[in-house]
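Report on one structure; see the data block that follows.
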Amino acid sequence: MFESEQKNLENQIRQICGEKELPFNPIIWSWIPFSGNWGISASFFQLASEDAKQRSVRVNVPQRAQEIAQIFADEIALPDGFERIEAVRGYLNIYFSTKIYAQRVIDSVIDERQDFGRGERTGKTVMVEFSQPNTHKAFHVGHLRNVILGNSVCNILDFAGEKVVRTNYLGDIGLHVIKWLWCYMKYHEGEKPLGDITRWMGDIYAEATRRHEEEPDAEGEIRSLFARWDRRDADIVALWEETRQWSLDGFDQIYQQLNVHFDHLYFESDVEDSGKEVVDVLIEKGIATDERPENAVVVKLDELCGTKEKYRNLVVLRSDGTSLYATKDLSLAARKFEDFNLDRSIYVIDVRQSLYMQQIFKTLELMNYPWAKDCYHLAYEIVNLPGNVTMSSRDGTVVFLQDLIDESMERALAIVEEKNPSLTEEEKTVISNNVALGALKYSMLSRDNTKIVTFDWAAALDFNGQAAPYIQYAAVRANSILRKWGQGLPGVTALAYELTPVEVELIDLISRMPKEIQRSAAEFKPLFIANLAFDLAQTFNNFYRQCPVLQAEDAVRDYRLRLAAAARQAIVNCMYLLGIETPEIM
RNA sequence: GCCCUCAUAGCUCAACGGAUAGAGCACCGGUCUUCUAAACCGUAGGUUGCAGGUUCGAGUCCUGCUGGGGGCGCCA
């Protein structure tokens, strides 16, 4: 928000460096880290160190940095909007005139509302592929992190200025589907899903797996069904299409609950044939080695790249000529760029597939696709159970998504009933929905992508502390002041009193939002936004306690009303980026 | 064997290579006659796994080690 002022200061520093024959480095501005001090800061240790090297003298760097900082503190002509400049221990601290900047921050939030924090359009298009569920299977908590992370990253990239294509890639073919069809035809012929479709589909899949192990004839029956599928027997294809649609409807139910949408869907079945064509090309170009029928078709990456045990070998086609995940991924990658003229292609896939992703990207590079370098694997750690146990449907350890949501909603509802019994049933439902899902999402987004999330019921259902409900509640409190005020927000109000430290801190935090969004987008880390949202909420709660709004004299009241509105908006915007809704009341 | 990743307060986690390593939970004690107490305040808690290195400066970067997790040709 302070770019032009920063530029001005940088230019002055550059000029002074010239005059004093000092080397010039690009200035890295950061916030003054002491609460209650609002302004920007830069350090001059590096400059001092380089200066000494250039002149081949030994200096005490911190001391010299302080001297240099002092030079700038003396020479710089403060631009409008700054009230103080000082050199402190090698740092140059430049303090905002709160009068001017506080107002600029508040005014622009109120003016831009839900767009506050948006970056300039970059004109770039980025595709984010996430979720990637298998049809005919269940959806459990292990799948949740991907959806929540992918969705949030999409929101953030969009807000940061890119055009985002939200894409899902559905595993609608393969052995798991045949197994499901086999079990359905044999034991559930004619049945149709009711209610929780995905659960129903998942139950049949679990049954199929069990029967497959238990029944001696199963293996043969499944194999012959696979053969019929391979021939594209009309009745099998018809059943596949019908049952696949059930799964898709079930996923829609889930995505709707999670408030996640996709702009485009790809299906494995769509890229299977084209994938085999890609493999032919690979063989033709000598990139892939065809060792059929004894062995598979393999891209020997280490051999081709001259690396040792780095990329290993990528199998791109089975020895019987059927396709693999890699077969399809290779053609899908190209198709994405053709279909949407992308600048970048992001894959949100868990960290266990890191090597595989590198293999795919490397193979694309060997095929000389110029966009191969624009593919990026956004790896995240998985969700485990306590004791570092990975959820597995085989072991029956999975926590079904719907169970979690239901339980969470129930608890949230009980708390709303207790805190606010006078609300209508509809209001209570909306609130418990926002609170329950918010808590769930926040718990996954507020830790780094590289950290394993340990799922346990108590933690998932804990609405206290650094969690979404705390943040939502802060926004609700702000809203409550505004509602009680009962009139439109006062117009632009000049600051007519000395801001208290907590007010300055709150405004400071609000002003950081645009930068945090850019940083978060650059690193694909919703965590930064999650942290900012919490800081905002915490500071707002302090403000709420320390600074009376409606009781204050008119000028103060008007200013604080606007500040409360701005703080609320900033919190709501952060939460939106996390895919979390903030209720009006709770 | 090779590669990736994680290790910070009792627990769960933060901390753009910078100033005094911070929150939450849990524990103990306090705060509703004032805009919703789903809140706030206070006390306590640390050799950032170990050893080197780079740097003016390292929880952060590099190397090695220890320990946990993951991955390494016909699963997705």
Side-chain angles (χ1 to χ4, degrees), chain A residues 28 30-34 41 43 45-46 48-50 52 59-65 88-91 93 132 134 171 174-176 268 291 295-300 308-320 322 324-326 328-329 349-356 358-359 379 381-382 384 388 390 412 415-416 418-420 435 443 446-448 450-452 454 459 462-467 469-470 472-474 476-485 515-516 519 522-523 527-528 530-531 534-535 538 541-542 544-552 560-561 564 585-586:
Chain A
I28 297 164
S30 53
W31 308 106
I32 298 174
F34 308 108
S41 162
S43 72
F45 302 103
Q46 204 163 2
S49 165
E50 270 178 42
V59 297
N60 177 326
V61 169
Q63 201 174 36
R64 179 67 181 142
V88 185
R89 304 177 60 187
Y91 293 83
N93 291 342
Q132 310 110 326
N134 283 326
L175 188 60
H176 74 276
E268 275 189 39
E291 298 174 342
N295 286 309
V297 181
V298 177
V299 180
K300 298 185 173 171
K308 246 178 78 183
E309 294 194 79
K310 182 175 180 190
Y311 293 109
R312 313 275 168 162
N313 296 333
L314 177 65
V315 178
V316 291
L317 201 66
R318 284 201 189 89
S319 46
D320 64 3
T322 56
L324 286 158
Y325 205 55
K328 295 164 259 187
D329 250 334
I349 299 179
D350 81 62
V351 69
R352 292 173 299 187
Q353 294 189 44
S354 292
L355 174 61
Y356 170 75
Q358 293 318 304
Q359 291 176 324
E381 264 293 357
I382 60 174
N384 275 347
N388 230 344
T390 301
I415 296 174
V416 187
E418 180 202 325
K419 304 278 181 192
N420 239 328
V435 165
S443 71
S446 59
R447 50 212 1 79
D448 214 333
T450 55
K451 293 261 170 73
I452 294 171
T454 302
D462 188 1
F463 298 151
N464 296 312
Q466 182 165 1
Y470 174 89
Q472 290 167 321
Y473 182 65
V476 162
R477 285 177 128 185
N479 202 41
S480 153
I481 295 174
L482 299 167
R483 197 176 53 249
K484 196 135 191 171
W485 166 240
K515 235 184 182 174
E516 282 304 282
R519 199 161 73 91
E523 297 184 38
L527 166 67
F528 298 151
N531 284 345
F534 178 72
D535 290 342
Q538 205 174 36
N541 275 327
N542 284 326
Y544 182 90
R545 203 183 67 81
Q546 292 175 31
C547 303
V549 178
L550 299 177
Q551 313 292 332
R560 286 182 175 165
L561 277 167
I585 40 175
M586 65 189 273

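Just so it is clear, the structure is predicted and the values come from calculations on it, not from any experiment. Throughout, protein chains are lettered first and strands after them, A, B, ... in sequence-line order, and every chain is numbered starting at 1.
Contact annotation for A:Asn479: no contact, since no heavy-atom pair falls under 4.0 Å across all strands. Residue A:Phe34 is classed as a base contact, given a heavy-atom separation below 4.0 Å to a base. A:Lys310 comes within contact range of no nucleotide atom at all, as no heavy-atom separation falls under 4.0 Å.
Remark: the A:Ser41 side chain and the B:A19 base include a donor-acceptor N/O pair separated by less than 3.5 Å. Below the 3.5 angstrom threshold, one finds a donor paired with an acceptor across the side chain of A:Ser30 and the base of B:C16.
When each of A:Asn93, A:Ile28, A:Val88 is paired with A:Ser41, the side-chain contact (heavy atoms from CB on, under 4.5 Å) condition holds for A:Asn93 and for no other.
Put simply, CG on A:Leu527 is 12 Å from P on B:C13, counting in whole angstrom units. Here B:U12 presents its P atom at 16 Å from CG of A:Asp448, a figure rounded to the nearest Å. Here B:A15 presents its P atom at 10 Å from CD of A:Glu516, a figure rounded to the nearest Å.
Not one side-chain nitrogen or oxygen of A:Asn531 sits closer than 4.0 Å to the OP1 or OP2 atom of B:G22. In this model, the phosphate group of B:A7 is approached by a side-chain N or O of A:Lys451 to a distance below 4.0 Å at OP1 or OP2. The phosphate of B:A38 (OP1 or OP2) has no side-chain N or O of A:Arg477 nearer than 4.0 angstrom.
Of the two residues near RNA chain B, A:Ile585 and A:Arg447, the one whose nearest nucleotide lies more 5' is A:Arg447.
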RNA chain B base-pair string [pairs: Watson-Crick or G-U under 3.5 Å; |: paired with another strand] | (((((((..((((....[...))))..((((.......))))......(((((..]....))))))))))))....
Tell me, for nucleotides 67-76 of chain B in 5' to 3' order, what letter each nucleotide earns: B for a base near a protein heavy atom under 4.0 Å, S for only sugar-phosphate near one, - for neither?
-> -SSSBBBBSB
Can you give one letter per nucleotide of nucleotides 53-64 of chain B, 5' to 3': B if a protein heavy atom sits under 4.0 Å from the base, S if only from the sugar-phosphate, - if neither?
-> ---B--------
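Annotation: side chain of A:Leu561 is in contact with side chain of A:Val549 (closest heavy-atom distance under 4.5 Å). With a 4.5 Å cut-off on side-chain heavy atoms, A:Tyr473 and A:Lys419 do not count as touching.
Annotation: B:A23 and B:U63 have their P atoms spaced 34 Å apart (nearest Å).
Here the side chain of A:Arg560 pairs a donor or acceptor atom with the backbone of A:Pro548 at under 3.5 angstrom. Side-chain atoms of A:Gln359 come within 3.5 Å of backbone N or O of A:Tyr311 as a donor-acceptor pair. Distance alone, capped at 3.5 Å, places no donor-acceptor pair between the A:Arg545 side chain and the A:Asn541 backbone. Between the side chain of A:Tyr544 and the backbone N or O of A:Ala564 there is no donor-acceptor pair closer than 3.5 Å.
Residue A:Asn541 has its side chain nearest to B:A39 when only B:A39, B:A23, B:A38 are considered. Of the candidates B:C35, B:A38, B:C16, B:C16 carries the atom nearest the A:Arg519 side chain, counting heavy atoms from C-beta on.
By the 4.0 Å N-to-carboxylate-O rule, A:Asp320 lies too far from A:Arg318 to be salt-bridged with it.
In this structure, A:Lys515 NZ and A:Ser30 OG are separated by 7.5 Å, a value rounded to the nearest 0.5 Å. Remark: A:Arg352 CZ to A:Thr390 OG1 distance equals 6.0 Å, nearest 0.5 Å.
Anti is the glycosidic conformation of B:C6, whose angle departs from 0 by more than 90°.
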